[in-house]
Amino acid sequence: MTVSRRTFVAGSVSALVATGLTTTSAHGSPLPAEPAYRIPVSPDDTPDDLVRKASQVRPTARQITWQQLERTAFLHFGVNTFTGLEWGTGDEDPDVFQPTGLDTDQWARALRDGGFKLAILTVKHHDGFVLYPSRYTDHSVAASSWRAGQGDVLRSFADSMRRYGLKVGVYISPADENQYLHGVYANGSARSTRTIPTLVDGDDRTPPTTYTLDATDYGAHMLNQIYEVLTEYGPVDEVWFDGAQGHIPPDKVESYDWDSWYTLVRALAPDAAIAVTGPDLRWVGNESGLAREDEWSVIPVKENQYGRTDWALSYDTPDEGSRAALVAAQPKTDYLQWWPAECDVSIRDGWFYHADQQPKSVQQLTDIYFGSVGRNSVLLLNVPPDTDGLLAAADVTRLREFRERIDRELPEDLARGARTTTSDGVVTVDLGAVRAVDRVRLAEDIRHGQQIEGFVVEAYRDGAWREVVAAGTVGASRILLLQTAVRARRWRLRVTAARSAVHISAFGLYKSQV
Ligand code: FUL
């Protein structure tokens, strides 16, 4: 089918509007809300009200852009790379950081050749060591003898990614062991009004705008680092705030200033999606890179701790968004929100490089691709640079093999340019000749929300429409693998349950070449 999944061509999409599927409109009551990114839930809402509200939830432009990336990468790199730890202590000698062969162009080439569109660098992990020369900490590249203290991994990374056409993301760990040791992190300080950036002795910056934000001592430290990262390194498209607390004692839990951090990110990087302790995208709930078979992007959420978006159900519940889930979550739900899933996983066992670990096989990575991109999610694959500051040769090869495999899994769309007809809830494609098909790729135009709750793909064979595969949700991307190829000329997608009018933007048919 010719509808472009990536460009969401309005004319093509409108031709495929399938109406008449609004299963909750029987009462004739008006929709309780206008379309919005988040819609408040009331304790008085009936189950039908909840479904009507869910049908009105829409992604922001920022979320749509992020969803289209499909393959994104993580680069975990820092003092842990050299100490062999996964979580550092904050009192590492900065001089252990010696990536003598650092070549971020090599990172960018490998990721581009792997089909990745954005890469996120651990600018600061839980040890607090930062990969650029910050004014606000001594635990940084500037305190290492590497490049005589003049090195700046963030600069090099950002320049290389852009040179090779990848977008730039930054991981800035809220947990910070080094600031704990300095009495700043988890010191229990009160929130007070801070001016960001907070100029330091000898500071030659003349900020065009300063920001007045409420924060604890540590919250202000984070704000100043966020300001540095988002004003000195060019456009940033994803800001990743991890949920981990680090090694601090349980009674020292830091109450993060999420509202102020989000305000500053929005002001300085309006296009950046804030993940995963953030309003724009959520952690899928595991570190295996696998989404639920039926993954919803419309999620019941509650707001806590200074504006933090949180799950009304739990982060790893098997069902985050069905009708039953909306009802079960209602007592704890503040809003129904567009909060799509991001699937993070490492190519090796650890997040940081360890010489004794090996990259996952092409088959494992392929399963992860179908389990994430194929299930209405974005893949975030970690590829950790080694102690030379390079991606390991085995990983570079594996990334290329992975891309080639996906290209062979989903070669040319046989339905591209085929005659397509649409009527209520049914899209029919005539391939013009009998073709073998073993991969089906579907997408809803998510500008109209996520509506499909059930569908069946059928092929016309031996004089009748026969079921090939049936499943639940679609969302931005659903890929179905057929155990054996099915041969037919005419194919159709029949939506069997939906929350509101459905807009199909892709109905692709493929024969894998693997
Ligand atoms: C976790 C962290 O604790 C890990 O070190 C890693 O950064 C992973 C992506 O998120 O919460």
Side-chain angles (χ1 to χ4, degrees), residues 66 69 71-90 92 97 107 111 116 118-131 139 153-154 157 169-180 185-186 222 225 229 238-250 252-254 256 258 261 273-278 280-291 305 308-311 314-316 341-354 357 359-360 365 368 371-372 377-386 391 395:
W66 169 82
L69 297 172
R71 270 174 268 187
T72 64
F74 245 158
L75 294 147
H76 275 66
F77 190 46
V79 282
N80 294 344
T81 309
F82 300 87
T83 60
L85 297 177
E86 277 290 314
W87 276 21
T89 51
E92 300 84 1
F97 189 80
W107 306 359
L111 294 175
F116 292 84
L118 173 146
I120 302 172
L121 176 68
T122 51
V123 176
K124 178 178 83 154
H125 202 254
H126 311 334
D127 45 68
F129 183 86
V130 292
L131 296 180
H139 206 41
V153 182
L154 175 55
F157 157 80
V170 290
Y171 176 118
I172 307 175
S173 171
D176 189 327
E177 304 284 349
N178 180 262
Q179 290 303 306
Y180 180 62
Y185 177 58
M222 276 290 281
Q225 291 197 327
V229 168
E238 187 163 339
V239 176
W240 220 85
F241 291 129
D242 187 46
Q245 279 284 336
H247 292 121
I248 57 168
K252 298 279 187 182
V253 167
E254 175 82 32
Y256 297 117
W258 297 113
W261 299 0
I274 306 178
V276 284
T277 312
D280 297 325
L281 47 124
R282 82 187 141 90
W283 181 39
V284 75
N286 63 66
E287 293 183 339
S288 316
L290 299 177
Q305 209 193 32
R308 169 185 171 164
T309 301
D310 210 342
W311 291 265
S314 73
Y315 67 89
D316 60 353
E342 181 183 74
C343 294
D344 62 335
V345 61
S346 186
I347 197 168
R348 291 162 173 251
D349 288 347
W351 292 102
F352 286 88
Y353 178 81
H354 307 282
Q357 297 179 352
K360 291 181 167 57
L365 293 175
I368 286 170
S372 55
S377 304
V378 168
L379 170 61
L380 176 54
L381 179 69
N382 179 62
V383 192
D386 65 12
L391 300 189
D395 297 22

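Whatever order the structure lists ligands and atoms in, that order sets their numbers, starting from 1. Since we're looking at a predicted model, the values are computed, not measured.
Ring planes of W311 and W283: perpendicular class, angle over 60° (limits at 30 and 60°).
Listed by chain and residue number, nothing satisfies the salt bridge (Lys or Arg N to Asp or Glu O under 4.0 Å) test with D127 (two or more places apart in sequence, or in another chain). Under the rule for a salt bridge (Lys or Arg N to Asp or Glu O under 4.0 Å), the partners of R348 that lie at least two apart in sequence or sit in another chain are D395. Applying the side-chain contact (heavy atoms from CB on, under 4.5 Å) test to D242 and every residue at least two apart in sequence or in another chain returns H126, Y171, P174, W240, A244.
Less than 6.0 angstrom separates the ring centroid of F352 from the ring centroid of H125.
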Expected rows: ligand 1 N/O, protein N/O, dist below 3.5 Å:
from: ligand 1; atom 1: 3 (O); to: W87; atom 2: NE1; distance (Å): 2.9
from: ligand 1; atom 1: 3 (O); to: H126; atom 2: NE2; distance (Å): 2.9
from: ligand 1; atom 1: 5 (O); to: W87; atom 2: NE1; distance (Å): 3.3
from: ligand 1; atom 1: 5 (O); to: H125; atom 2: NE2; distance (Å): 2.9
from: ligand 1; atom 1: 7 (O); to: H76; atom 2: NE2; distance (Å): 2.7
from: ligand 1; atom 1: 7 (O); to: H125; atom 2: NE2; distance (Å): 3.0
from: ligand 1; atom 1: 7 (O); to: Y171; atom 2: OH; distance (Å): 2.8
from: ligand 1; atom 1: 10 (O); to: D242; atom 2: OD1; distance (Å): 3.2
from: ligand 1; atom 1: 11 (O); to: D242; atom 2: OD1; distance (Å): 2.8
from: ligand 1; atom 1: 11 (O); to: D242; atom 2: OD2; distance (Å): 2.9

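When atom types are taken as modelled, the side chain of T72 and the backbone of L379 share a donor-acceptor pair closer than 3.5 angstrom.
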